[in-house]
Colleague: 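My structure is below; once you've seen it, I'll send some questions.
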Number of protein chains: 2
Amino acid sequence: MPYVRSPIDSGNLANANAANTSKAPRLYLEDIVTGQQFTSASRQITADEIKRYAQQFDPQPFHLDEEAAKSTFFGGLAASGWHTAGITMRLLVESGMPLAGGIIGAGGEITWPQATRPDDVLHVVTEVISVTPSRSRPDRGFIQARSQTFNQKGEVVQLLLAKLMVWSRSVKT
Amino acid sequence: MPYVRSPIDSGNLANANAANTSKAPRLYLEDIVTGQQFTSASRQITADEIKRYAQQFDPQPFHLDEEAAKSTFFGGLAASGWHTAGITMRLLVESGMPLAGGIIGAGGEITWPQATRPDDVLHVVTEVISVTPSRSRPDRGFIQARSQTFNQKGEVVQLLLAKLMVWSRSVKT
């Protein structure tokens, strides 16, 4: 899909850059256009965080222990894909997608082309793919957003195509 | 897709029931057939767990605080969808899908038809949708598995259609 730059879009790119601060403007349905992009802050992931997540949610050898991971598919310690998803969500919430009323996802498609590794530095680039006002409920709409989570080498560790609910400006949440 | 019961399948349903113990047999590509089902153990989720996950990965009011959540879309404290995904993964790893070499996902489609709420008791029912040996690598194949995460009322809180890598019996991982 071509990237369509528009006056609104340029404005919101500025908003996106300001999103690292708590004063970032919050966007309503009317502020969002196809092609709009947002870039999150970066965050480094440690081996300890990878193991701690795995102990809670994905206790498999390749996520829990460097030595045990060596003889597995991953060839070394790798973060659970669901951990990468959680880190991505935190980056989106704190700096990557300033939606009014918060980021409320109905679901989406997710792939992990590469594993997240200890000491990786991740950031998320999100592009709006489509914007659809609700037919039945004028207070809201849906957007499709493609969020790519990159490591410090520029490799995509997660591709998420998400369907998100967005409030209309008529409702001040 | 119709549920196809076969001798192998019946055997593995027994395996699935035994999966709550550490002695559960591990399944290779050759053991897996379309229509095969697995049912995980159950697990109750507390409000504290919901908030703790949110603090780490999804710090939004409707996941962090009962009072603040009341005036939001969710109308009360709700787990992050990514928390539901993590809980589902733990249930799959520990009792829901006894794959040899572990559960290694390439990605999938995920939806959250209902939010997970404090004190919900979740379990996961997984059905094999397709089985595809790799053309280029005889040591592995891929399966599509549909994992439905149910709450205690029988409502689906997460539907995950996942693509998983499965080892062939020729490779003892």
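Within every chain, numbering begins at 1; the chains are lettered A, B, ... in the order of the sequence lines, protein sequences first and strands thereafter.
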Colleague: State plainly whether one hydrophobic cluster holds both B:Ile110 and A:Leu159, where clusters connect Ile, Leu, Val, Met, Phe, Trp and Tyr through side-chain heavy atoms under 4.5 angstrom apart.
Modeller: no

Colleague: Within the side chain of B:Gln60, is there an N or O that forms a donor-acceptor pair under 3.5 Å with the backbone of A:Ile103?
Modeller: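 Yes, the answer is positive, given that a donor and an acceptor are paired below the 3.5 Å cut-off.
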
Colleague: Would you say A:Lys51 has more than 12 foreign heavy atoms packed within less than 6.0 Å of its NZ?
Modeller: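 Enclosed.
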
Colleague: Which atom pair, heavy atoms only, marks the closest approach of B:Ile104 to A:Phe74?
Modeller: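 Looking at all heavy atoms of both residues, the shortest contact is CG2-CZ, 4.1 Å.
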
Colleague: Heavy atoms only, distances under 4.5 angstrom: which of A:Gly108, A:Ala85, A:Gly105 has the most pairs with chain B? Name it, please.
Modeller: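 Top count of heavy-atom pairs under 4.5 Å with chain B: A:Gly108.
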
Colleague: For the pair B:Thr88 and A:Trp82, evaluate side chain to side chain contact (heavy atoms under 4.5 Å, CB included) and give the outcome as yes or no after the intermediate values.
Modeller: CA-CA 10 Å; B:Thr88 297; A:Trp82 302 113; over 6 Å; no

Colleague: Is it the backbone or the side chain of B:Gln114 that comes under 4.5 Å from a heavy atom of chain A, or both, or neither?
Modeller: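 For B:Gln114, neither part sits under 4.5 Å from chain A.
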
Colleague: How are the rings of A:Phe73 and B:Trp167 set to each other: parallel, tilted or perpendicular (split at 30° and 60°)?
Modeller: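 Judged by the thresholds at 30° and 60°, the geometry between A:Phe73 and B:Trp167 is perpendicular.
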
Colleague: Quick check for you: to the nearest 0.5 Å, what is the distance between B:Thr111 atom OG1 and A:Glu109 atom CD?
Modeller: 11.5 Å

Colleague: Considering only heavy atoms, which portion of A:Glu49 lies under 4.5 Å from any heavy atom of chain B: side chain, backbone, both, or neither?
Modeller: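 Neither part.
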
Colleague: Between A:Pro61, A:Ala54, A:Ala106, A:Ser80, which has the largest tally of heavy atom pairs under 4.5 Å with chain B?
Modeller: A:Ala106

Colleague: Got a donor-acceptor contact below 3.5 angstrom from the B:Arg90 side chain to the A:Gln56 backbone?
Modeller: yes

Colleague: Given the rule that I, L, V, M, F, W and Y join up when any side-chain heavy atoms are under 4.5 Å apart, are A:Phe62 and B:Phe142 in one cluster?
Modeller: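 Yes; B:Phe142 is reachable from A:Phe62 via cluster members.
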
Colleague: Are B:Phe150 and B:Val124 joined in one hydrophobic group, where the rule is that I, L, V, M, F, W and Y side chains link up if heavy atoms are under 4.5 Å apart?
Modeller: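 No, separate clusters.
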
